[in-house]
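A short worksheet on the structure shown next.
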There are 2 protein chains.
Amino acid sequence: MAKQNILSALMNDGPIIANEHRSLSAETAEKLRELILLEKLPPGMHIPERDLAEALGISRTPMREALRTLAIEGLVEFTATRRSRVANPSIDELRESMTVLATLEALGGELACAIATDREITAIADLNQKMIECTDKFSAINFFNTDMAFHSSIITSTHNQALIDTHRQYNAKLWRARFMSSKRKQGRAKTLQQHQDITNALVSRNASKMAQVMRSHIETAIDNLSIQQNET
Amino acid sequence: MAKQNILSALMNDGPIIANEHRSLSAETAEKLRELILLEKLPPGMHIPERDLAEALGISRTPMREALRTLAIEGLVEFTATRRSRVANPSIDELRESMTVLATLEALGGELACAIATDREITAIADLNQKMIECTDKFSAINFFNTDMAFHSSIITSTHNQALIDTHRQYNAKLWRARFMSSKRKQGRAKTLQQHQDITNALVSRNASKMAQVMRSHIETAIDNLSIQQNET
DNA sequence: TTTCTAATTTTGGTATACCATATCTCCCAA
DNA sequence: TTGGGAGATATGGTATACCAAAATTAGAAA
């Protein structure tokens, strides 16, 4: 039965335990994010609260809270009768979210040009340099994580908490899709070039240039979505 | 004791009951939004789950879910020890959120110019006309609600669900602050002028003009925030 | 065999109990 | 009078029980 699938797939990671700083539900949300992004919980899969809670060794209460959190992030969705399943967004839905993300990142870039400290800009430029130097050595996941860190640190440097929070939401929602499309190594050269443009705009604190290059960078990612779709 | 304050303030509205379509927790979230925006639950006020649940005639479970929802919207915040209180954002925090909202609305305006149907644009223009005709008759709350409807319908006309959802979040978070600053009737003339500009850009489907006027409209609102602060 | 219906099982929503910890109170010692 | 600490209380986190509704299954009738 389905219950066995869930149990066997997840139990080997050991039980979830509450951290000193994070509650069980927060830990659970984090764990679920990981399971979804790694597709151990594949898109469209049903998530019965009881079974999954039992599989992770916790009760329904924190599991429910975690599911709500993930639902808001867009990683989990509910049917008309409130049954939860792993989100399986269409390409169009991903494109819609990416469009918003592009605007958020463009705003972040503009603000960063005005607000980021020299130290923060240096750190961002260092990340860019790291990606250039390690591009041949990096695995897909390493390359991608550094890519994400590059973007996140620009957003963080705006010190705009609302922007930081909303950006994190969109990142979580789009993580899997972006990872899929970044796997194709042919894209790395273009990614690196665009990151260089972004870094240059930031170092010279050229806000309008920044908004422009940032927007076209994300638009490339949007285009890659469709390409990826056609390949599969 | 504090419990009595909460009880006496809220019980007269009758108990919360689950709607045919919405769960108790969703109803509760809606009710809490109303209580917070009307300042029956004033900024900074403590919200002990038990007392408030009891005051609304429900158990802690749906109250907790509602509080989580409101926390994500930014209407409720948690202390270091997880106690919830009504959010009391500083002017700077409001300005940060407004900055993001401005970008979202500018994006919405641009997309609407390209995507909205003629019927949707007509409906938006009608809302604009209604505000012009009724500006002298409208109470502050009526004027403001129509104002919000005008903006929301532009966002809705983009048919971009991610944008619609995120915009709704920011609207909820900023509702009270925006209402405060829109109360000053002197602002109505400028609001109407800017709405007219927005409507014109939309009718002529001039996306770049739209982005520009929308952005300056929200920037006016940001400025009003500070003014409001100085007056009190 | 197929289809419709009734019984059964599954599932999410809500209430409640219990626990650990945070917070508050009050009293004693300096 | 003040500071600190022990005891009492309040509060949030989690587990569990129960219920109504949804989903599934089984069986009977055609």
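Atoms considered below: every heavy atom in the structure, side chains included; atoms not considered: hydrogens, waters and symmetry mates. We name chains A, B, ... by the order of the sequence lines, and we start the count at 1 in each one.
- Considering all non-hydrogen atoms of both residues, Ile155(B) and Leu104(B) come closest at CD1-O, 4.1 Å.
- Taking atom CG of Leu24(B) as the reference point, atom P of dG12(C) lies 18 Å away to the nearest angstrom.
- Atom CD1 of Ile58(A) and atom C1' of dT16(D) are 14 Å apart (whole Å).
- Between the CZ atom of Arg60(B) and the P atom of dG12(D) there is a distance of 7 Å, given to the nearest Å.
- Using cut-offs of 30° and 60° for the angle between ring planes, the His151(A) and His217(A) rings count as parallel.
- Remark: P of dA17(D) and CZ of Arg50(A) are 11 Å apart, rounded to the nearest angstrom.
- One interatomic measurement links the two molecules: CD of Glu49(A) to C1' of dA15(D), which rounds to 14 Å at whole-angstrom precision.
- For Ser25(B), counting side-chain heavy atoms from C-beta on, the closest listed nucleotide (dA15(D), dT11(D), dT14(C)) is dT14(C).
- Straight-line distance from the CG atom of Leu52(B) to the P atom of dA10(D): 17 Å, rounded to whole Å.
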Using the side-chain contact (heavy atoms from CB on, under 4.5 Å) rule, take Glu105(B) and Met214(B) through it: C-alpha gap first, then chi angles, then the decisive distance, then the call. CA-CA 7 Å; Glu105(B) 297 234 0; Met214(B) 186 66 93; 3.7 Å; yes
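- Among the nucleotides dT16(D), dA15(C), dG12(C), the one closest to the side chain of Ser59(A) is dT16(D).
- Of all non-hydrogen atoms in Ser153(A) and Leu127(A), the two that sit nearest each other are OG-CD1, 3.6 Å.
- Between Ala26(A) and Thr79(A), the residue anchored nearer the 5' end of DNA chain D, judged by the nucleotide with its closest heavy atom, is Ala26(A).
- Distances shorter than 4.0 Å separate some side-chain N or O of Arg82(A) from OP1 or OP2 on dG13(C).
- Closest to the side chain of Arg64(A), from the set dT14(C), dT16(D), dG13(D), is dT14(C).
- Nearest heavy-atom pair across Ala221(B) and Met98(B) is CB-CE, 4.0 Å.
- Note: CG (Leu67(A)) to P (dG12(C)) measures 9 Å, nearest angstrom.
- Residues Thr61(A) and Thr81(A) both approach DNA chain C. Their nearest nucleotides, taken by heavy-atom distance, put Thr81(A) toward the 5′ side.
- For the pair Arg68(B) CZ and dT14(C) C1', the computed distance is 17 Å after rounding to whole Å.
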